[in-house]
Amino acid sequence: MGILTYGMHISLDGYIEDQTGSIAFGVPDEEMHKASNVQARDTAAFLFGRRLYKVMEDFWTSPERADGERVEAEFAEIYRATPRIVFSDSLESVPDGCRLVRSSDARDEVVRLKAETDGILSIGGPRLAASVADLVDQVDPYLLPTVLGGGTPFYPSGHRWDLSLAEARVFRASGWTYLRYMVER
């Protein structure tokens, strides 16, 4: 059975993007990026909402990533090799390596994926995560030492998760902190 994880880079006050919609505050250093590469390598599939999918796809499938810094080129290779499932009602098609599912079918699809997948299903995007919040097994935020004061929240409004800490790692050079919580049921 698959494990549904929800994780993103977030500000200390809980936002994934600032009030202008920018995620530029969350550029990882090499140490943090290496940890993300290990995590991505262990992922059976990425599940994205339309907006995060576009950001990830535009950035990580561009030719510059394959020729960039070694740690980034490695992530780009892992990303392109990992199945990507995009939940959207507005997209008409997605490229090879991706599969399109209507947002209205997200819950049924995630239930099916969890039952049929042996491994980690990594969900990204706060709106998609909110639509299946009760199916999330693990919450994996990367906390940045930045307070944005507003923006798009990471945590779904109106949904409660009782969590138990399974792992914590501080990246001393950048001040980033990785936390892995198991959702208590």
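Positions are given from 1, in the same order as the sequence printed here. Just so you know, these numbers use all the heavy atoms, side chains as well, and skip hydrogens, waters and symmetry mates.
Around the CD atom of E77, the shell of radius 6.0 Å holds no more than 12 heavy atoms that belong to other residues, nucleotides or ligands. Heavy atoms from other residues, nucleotides or ligands lying under 6.0 Å from CG of D162 number more than 12.
Between F75 and Y79, the two ring planes are parallel [angle under 30°; tilted spans 30° to 60°]. Using bins of under 30°, 30° to 60° and over 60° for the plane-to-plane angle, the ring pair W161/Y6 lands in the tilted bin. Below 30°, between 30° and 60°, or above 60°: for Y178 and Y142 the angle between ring planes is between 30° and 60°, a tilted geometry.
Here the rule is side chain to side chain contact (heavy atoms under 4.5 Å, CB included) with I23, and of I16, D18, L52, V55 only V55 fits it. No option in R41, K34, H33 other than H33 meets the side chain to side chain donor-acceptor pair (under 3.5 Å) test with N37.
Taking the side chain as every heavy atom from C-beta outward, F154 and V139 approach each other to under 4.5 Å. Contact annotation: the side chain of S88 approaches that of L100 to within less than 4.5 Å [non-hydrogen atoms, C-beta and beyond]. T146 has its side chain out of reach of L12: every pair of non-hydrogen atoms, C-beta onward, lies at least 4.5 Å apart. Counting heavy atoms from C-beta on, the side chains of F48 and C98 never come closer than 4.5 Å. Within the 4.5 Å cutoff, the side chain of L47 has no heavy atoms near those of the V132 side chain.
No salt bridge links D105 with R112; every basic N to acidic carboxylate O contact stays at or beyond 4.0 Å. Electrostatic pairing of D89 and R50 does not count as a salt bridge here, judged by no charged N lying under 4.0 Å from a carboxylate O.
One distance of note links CG of L163 with CD of E184; it measures 8.0 Å at 0.5 Å rounding. To the nearest 0.5 Å, the span separating CG on L144 from CZ on F25 amounts to 6.0 Å. Annotation: the span from Y181 atom OH to T5 atom OG1 amounts to 15.5 Å, rounded to 0.5 Å. From L121, atom CG reaches atom CD of E116 across 10.5 Å, with rounding to the nearest 0.5 Å. D137 contributes atom CG, which lies 5.0 Å from atom CZ of R185 (distance to the nearest 0.5 angstrom). Atom CZ of residue F171 and atom CD of residue E31 lie 5.5 Å apart, to the nearest 0.5 angstrom.
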Kindly indicate, with the supporting measurements, whether the criterion side chain to side chain contact (heavy atoms under 4.5 Å, CB included) is fulfilled by R127 and S103. CA-CA 10 Å; R127 289 167 195 81; S103 296; over 6 Å; no
Side chain to side chain contact (heavy atoms under 4.5 Å, CB included) between M56 and V86, worked out: CA-CA 11 Å; M56 294 294 288; V86 185; over 6 Å; no
List the steps, then state whether side chain to side chain contact (heavy atoms under 4.5 Å, CB included) holds for Q39 with R180. CA-CA 11 Å; Q39 194 174 29; R180 182 168 56 94; over 6 Å; no
Let me see the working for W176 and D29 under side chain to side chain contact (heavy atoms under 4.5 Å, CB included), right down to the final yes or no. CA-CA 9 Å; W176 287 38; D29 67 5; over 6 Å; no
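When atom types are taken as modelled, the side chain of Q19 and the backbone of G149 share a donor-acceptor pair closer than 3.5 angstrom. Side chain of D13 to backbone of L148: a donor-acceptor contact under 3.5 angstrom is found. Under the 3.5 Å distance criterion, the side-chain polar atoms of R84 are matched with a main-chain donor or acceptor of T82.
Aromatic pair Y53/F46: centroids not less than 6.0 angstrom apart.
Across all their heavy atoms, A45 and I85 have their closest contact at CB-CD1, 4.4 Å. Between R99 and E109, the closest heavy-atom pair is NH2-OE2, 2.7 Å. Between P153 and G151 the shortest heavy-atom distance is CD-O, 3.4 Å. For the residue pair M8 and P126, the shortest heavy atom distance occurs at SD-CD, 4.3 Å.
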